[in-house]
Amino acid sequence: MSKVRVYEIAQQLEVSSKEIIEKLKEHGINVHSHMSTLATEQADTIIKHYKEESKDMAKKTDSKVDRQAEEEPIVLEEEDELEEEELRIIEIPPTIAVNLLADKLETTAVNLITSLMQRGIMATINQEIDFDTASMLAEEYDTILELEEEIDILEQIFTEEPDDERDLTSRPPVVVVMGHVDHGKTSLLDALRFSKVTEQEAGGITQHIGASTISVDDQQITFLDTPGHEAFTAMRMRGAQVTDIAILVVAADDGVMPQTIEAINHARAAGIEIIVAINKMDKPSANPDRVKQELADHGLIVEEWGGETICVPVSALQREGLDNLLEMVLLVAEMNEYKANPNKRARGTIIESELDKGRGPVATVLVQEGTLKVGDPIVAGLAYGRIRAMIDDKGNQVRVATPSTPVEILGLSEVPIAGDMFYVAANNKHARQVSDKVREQGRTQLIAQTPSKVSLDDLFTQIQDGTVKDLNIIVKADVQGSVEAVRQSLERLSNEEVRIRVIHGGVGAVTESDVILASASNAIIIGFNVRPDSGARSVADREEVDIRLYRVIYNAIEDIEAAMKGMLDPEFKEKVIGHAEVRQTFKISSMGTVAGSYVTDGKVTRNSQVRIIRDGIVVYEGELTSLKRFKDDAKEVNSGYECGFMFDRFNDVKEGDVVEAFIMEEIPR
Ligand code: GDP
């Protein structure tokens with residue numbers, strides 16, 4: 001059924017739309033405006049009626065015709081103006097709920113629903129209708145709809161407003177304690193916290209909320225309660241940079257150990273200050289000078305030796321040197337002038353979270369900017385809600401939390417993940433919309449500021465785009481000599497466009513901690529004769545960290561060099577097809593050693609290449625000379641079956657070795 005608009009009829013009859021509307025009313029047809037539509041049949045009837053009527057009128061008012069003719073243009077002009085005035089333009093989103101549209105059109109939802117029904121559309125008050133349908137309805141209200149420019153709600157909340165210098169006030173430093181296992185991280189943290197607890201507070205000290213603030217004279221220091229660089233870097237990987245200062249604990253009787261080095265490198269990669277605490281000074285075997293020497297070997301030269309590293313001898317056990325250590329923390333804080341703007345909506349990081357039986361989702365947050373208040377609507381990952389209550393680290397209910405203050409918050413819809421950022425939204429609805437959007441787009445979106453990960457395959461493009469200026473590399477190898485050799489060769493490749501930095505190097509398998517550091521620092525991992533352990537592999541997949549494994553140093557240098565020139569040859573890529581575990585070995589004279597094995601995942605094929613891994617280190621890479629099921633040659637053996645391997649020129653296979661089978665796959669360019 002075709003339709004005609006009122007103004008079209010008016011044009012045809014050369015009268016105003018208003019007149020037609022009046023006329024229609026006389027005939028019991030209620031239309032709203034010149035944009036309203038009528039069925040063609042109806043329109044025809046009206047036109048016919050109107051014409052006849054005007055003919056009669058004309059006859060009767062013949063004498064007035066001249067005057068009318070003079071007046072006509074004026075009337076028409078007015079009508080034009082009227083039409084322009086009446087037409088409203090309103091912006092709406094791509095879909096809109098009926099009641100919201102009604103509000104915008106200044107009518108009732110019932111009216112709209114009735115109109116929709118006339119068009120054969122059954123709608124409820126909250127139903128979302130599309131733009132075209134809404135436009136059709138709007139016409140009846142002299143309104144033209146335009147598509148609202150979709151504001152990126154995530155962008156809006158994640159974007160940081162620039163602060164006015166005048167709003168910035170000094171905030172307490174946030175400190176994390178790092179170091180090798182058993183060097184006294186936990187003891188030191190406890191001692192520091194306890195050293196400044198007053199009698200009244202002593203009851204509250206057992207309160208564990210993930211972070212705590214201590215007062216030294218009239219100044220404050222916030223400590224993250226979870227010691228260790230892994231937790232620290234895991235948060236950084238999630239986009240959260242919360243820490244200002246790392247206290248590196250080194251036991252005076254043990255010296256710099258592998259995790260000490262990791263901690264140094266993790267702290268450096270994060271660009272935070274390092275203060276060394278030489279702990280266990282009470283022990284007779286304490287040798288602080290040796291520690292200082294070892295630190296110097298890793299680039300931390302203590303002040304008394306002409307360097308810049310602050311180093312404080314302490315004993316967590318005897319509570320000695322603690323005041324001095326705290327004083328140094330405050331000194332470093334003073335030099336760095338840590339500041340934040342407390343006069344805006346708060347944002348910060350989730351430090352810890354859990355589902356509490358009685359209280360529901362509970363999270364400890366560290367406020368980093370702005371002031372968090374009870375009643376604030378917040379978003380944290382997929383969780384949102386209005387803050388129902390806040391509890392500080394001493395167990396007191398508080399109403400506000402300023403920058404660098406940790407507080408426990410209640411009122412979230414679900415448990416957020418530690419490391420998630422939290423943001424205060426404009427209102428509760430907004431908070432929910434953001435969390436919905438995040439759910440929709442996947443959690444990764446949350447780490448909004450994280451740039452896309454660097455990979456050797458597109459390094460060249462990223463260099464050209466200017467997205468990569470520092471190529472961060474982590475080197476893991478079977479021996480320390482290789483680590484150093486690679487570090488030097490790689491760093492020499494730096495040129496004007498990119499600087500190559502080996503941010504961490506070490507002996508042994510590629511671990512989860514390496515991958516976390518790589519992810520947080522946008523680094524590539526290069527391994528020589530080592531493999532990622534299974535934890536590392538799954539985190540690398542999830543975080544899209546590029547791990548490159550080599551047998552020969554030269555190949556790695558060549559690859560990086562080629563990647564920097566955009567000439568990497570990725571036509572073939574290794575694909576691991578399965579793993580087997582060696583369960584028993586048999587020596588067969590004149591033949592060699594057979595490795596009786598069990599395929600644990602994937603499969604092993606006769607033509608696959610293999611490498612043998614012992615404690616994360618590759619001890620052999622080569623080809624199979626035989627693959628057997630019982631006595632017979634097999635083409636392939638699947639996961640869950642036993643088989644016998646023989647390797648090309650390698651008989652030193654041992655029980656417990658892992659055999660990794662891989663094929664070289666062509667990558668379409
Ligand atoms: P973490 O693994 O680094 O957290 O180390 P802990 O704090 O658990 O301490 C490891 C061990 O060292 C514990 O047995 C502590 O009692 C001991 N310890 C910690 N600090 C000191 C200290 O200053 N002097 C001595 N003698 N022992 C200490």
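All ligand and atom numbering here is 1-based and tracks the order in the structure. Only heavy atoms go into these numbers, but all of them, side chains included; no hydrogens, no water, no symmetry mates. One is the number of the first residue; the rest follow in order along the sequence.
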key: Of all pairs that satisfy ring-ring contact (aromatic ring centres under 6.0 Å, His included), the ones with a partner from residues 265-285, not counting sequence neighbours   = His229-His266

Electrostatic pair Lys280-Asp253, nearest N-O below 4.0 angstrom = no

request  = Using the salt bridge (Lys or Arg N to Asp or Glu O under 4.0 Å) rule, collect all pairs that involve residues 264-279, keeping only residues at least two apart or in two chains.
outcome  = none

key: Pair Lys476 + Asp514: basic N to acidic O under 4.0 Å   = yes

note = Using heavy atoms and a strict 4.0 Å limit, residues surrounding ligand 1 turn out to be His180, Val181, Asp182, His183, Gly184, Lys185, Thr186, Ser187, Asn279, Lys280, Asp282, Lys283, Ser315, Ala316, Leu317

query = Considering residues at least two apart in sequence or located in another chain, which fulfil the ring-ring contact (aromatic ring centres under 6.0 Å, His included) criterion with His180?
reply = His183

ask   = Are a donor atom and an acceptor atom from the side chains of Thr364 and Glu352 found within less than 3.5 Å of each other?
value = no

